[in-house]
Amino acid sequence: MRIWGKIFENNHMLKDTTVTDDRPDTRTHKIFRALEEICHEFDLSVPVWLDSNVRDFQKNKKVRFTRDNFVGDSIDFDYLEMQVLEEDSLY
């Protein structure tokens with residue numbers, strides 16, 4: 001599985017990174033690990049998944065985390081986006 005993490009401000013991408021996880025594990029575990037890795041690289045706390053985030057991700061394989069998702073932390077960008085680029089053939 002390959003996941004692309006991007007930080008945007010004023011509709012401009014400021015940073016991006018790609019995470020690859022080929023370990024034998026569930027899709028959900030890979031997604032949560034990728035988010036943790038992306039946040040670690042960008043020096044961010046891991047955002048909280050709201051119900052709307054889960055629905056968007058399930059439908060579009062992409063999710064945006066805004067200020068509302070970073071509980072107790074202030075962020076200096078508009079949103080963090082995470083998108084699945086490639087999935088394992090098992091799913």
Side-chain angles (χ1 to χ4, degrees):
M1 175 176 274
R2 285 189 327 128
I3 296 180
W4 189 13
K6 304 169 269 188
I7 289 180
F8 285 87
E9 185 173 8
N10 297 323
N11 292 321
H12 291 92
M13 185 169 49
L14 302 177
K15 297 179 186 179
D16 73 314
T17 188
T18 303
V19 175
T20 302
D21 190 341
D22 294 327
R23 292 176 276 194
D25 207 344
T26 66
R27 180 179 192 263
T28 301
H29 287 146
K30 290 181 179 190
I31 290 164
F32 283 123
R33 269 198 308 267
L35 180 58
E36 288 175 7
E37 197 171 321
I38 289 166
C39 290
H40 178 74
E41 183 162 332
F42 293 155
D43 196 26
L44 299 171
S45 61
V46 177
V48 174
W49 286 81
L50 303 175
D51 290 340
S52 58
N53 298 117
V54 173
R55 283 191 302 273
D56 287 345
F57 193 74
Q58 288 171 337
K59 183 177 179 182
N60 304 311
K61 296 185 180 182
K62 181 171 31 173
V63 63
R64 288 184 178 178
F65 298 103
T66 61
R67 286 175 171 75
D68 293 340
N69 299 96
F70 292 90
V71 179
D73 291 338
S74 63
I75 57 173
D76 59 352
F77 53 87
D78 294 333
Y79 59 90
L80 166 67
E81 184 174 275
M82 189 171 78
Q83 177 180 1
V84 174
L85 296 176
E86 183 180 307
E87 288 204 57
D88 302 328
S89 58
L90 300 174
Y91 303 105

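Computation of the quantities below employed the complete heavy-atom set of this structure, encompassing side-chain atoms and omitting hydrogens, waters and symmetry-equivalent molecules. The residues of the chain are indexed from 1 along the displayed sequence.
Under 4.0 Å is where a charged nitrogen must lie from a carboxylate oxygen, and between Arg33 and Asp25 at least one such pair does. Comment: Arg23 engages Asp21 in a salt bridge, judged by a side-chain N to carboxylate O separation of less than 4.0 angstrom.
The shortest non-hydrogen separation linking Arg27 to Val84 is NH2-CG2, 4.3 Å. Scanning both residues, Ile3 and Met82, for their nearest heavy atoms gives CG2-CG, 3.2 Å. Asp22 and Lys30 get closest at one heavy-atom pair: C-NZ, 4.3 Å. Between Leu80 and Pro47, the shortest heavy-atom contact is CD2-CG, 4.5 Å. Scanning both residues, Phe42 and Lys15, for their nearest heavy atoms gives CE2-CB, 3.7 Å. Across all their heavy atoms, Ile38 and Trp4 have their closest contact at CD1-C, 4.5 Å.
Formation of a donor-acceptor pair under 3.5 Å by the His12 side chain with backbone atoms of Asn10 is found in this model.
Both Ile75 and Val46 are assigned to one and the same hydrophobic cluster, defined by single-linkage of ILVMFWY side chains at heavy-atom distances under 4.5 Å. Residue Val54 is grouped with residue Ile31 when hydrophobic side chains (ILVMFWY) are merged at heavy-atom distances under 4.5 angstrom, including chains of intermediate members.
Side-chain contact between Gln83 and Glu81 is present, with heavy atoms from C-beta onward closer than 4.5 Å. Here the side chains of Thr66 and Asp78 are not in contact, with every heavy-atom distance at 4.5 Å or above. Using a 4.5 Å heavy-atom threshold, the side chains of Val71 and Asn69 count as separate. Between Leu14 and Phe8 the shortest side-chain heavy-atom distance does not fall below 4.5 Å. Using a 4.5 Å cut-off on side-chain heavy atoms (C-beta onward), Lys62 and Asp56 make no contact.
Every side-chain contact (heavy atoms from CB on, under 4.5 Å) that Arg55 has, sequence neighbours left out, goes to Asp51, Ser52. Residues satisfying the salt bridge (Lys or Arg N to Asp or Glu O under 4.0 Å) test with Lys61, not counting sequence neighbours, are Glu87.
Classified by interplanar angle (parallel below 30°, tilted 30° to 60°, perpendicular above 60°), the ring pair Phe77/Phe70 is perpendicular.
Trp49 CH2 to Phe32 CZ: the interatomic distance, rounded to the nearest 0.5 Å, is 6.0 Å. Here the OH-CZ distance, from Tyr79 to Arg67, works out to 12.0 Å after rounding to the nearest 0.5 Å.
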TODO: Report the C-alpha separation of Arg2 and Thr18 in whole Å, then their side-chain angles, then the decisive distance to 0.1 Å, and conclude whether the side-chain contact (heavy atoms from CB on, under 4.5 Å) test is met.
DONE: CA-CA 7 Å; Arg2 285 189 327 128; Thr18 303; 4.1 Å; yes
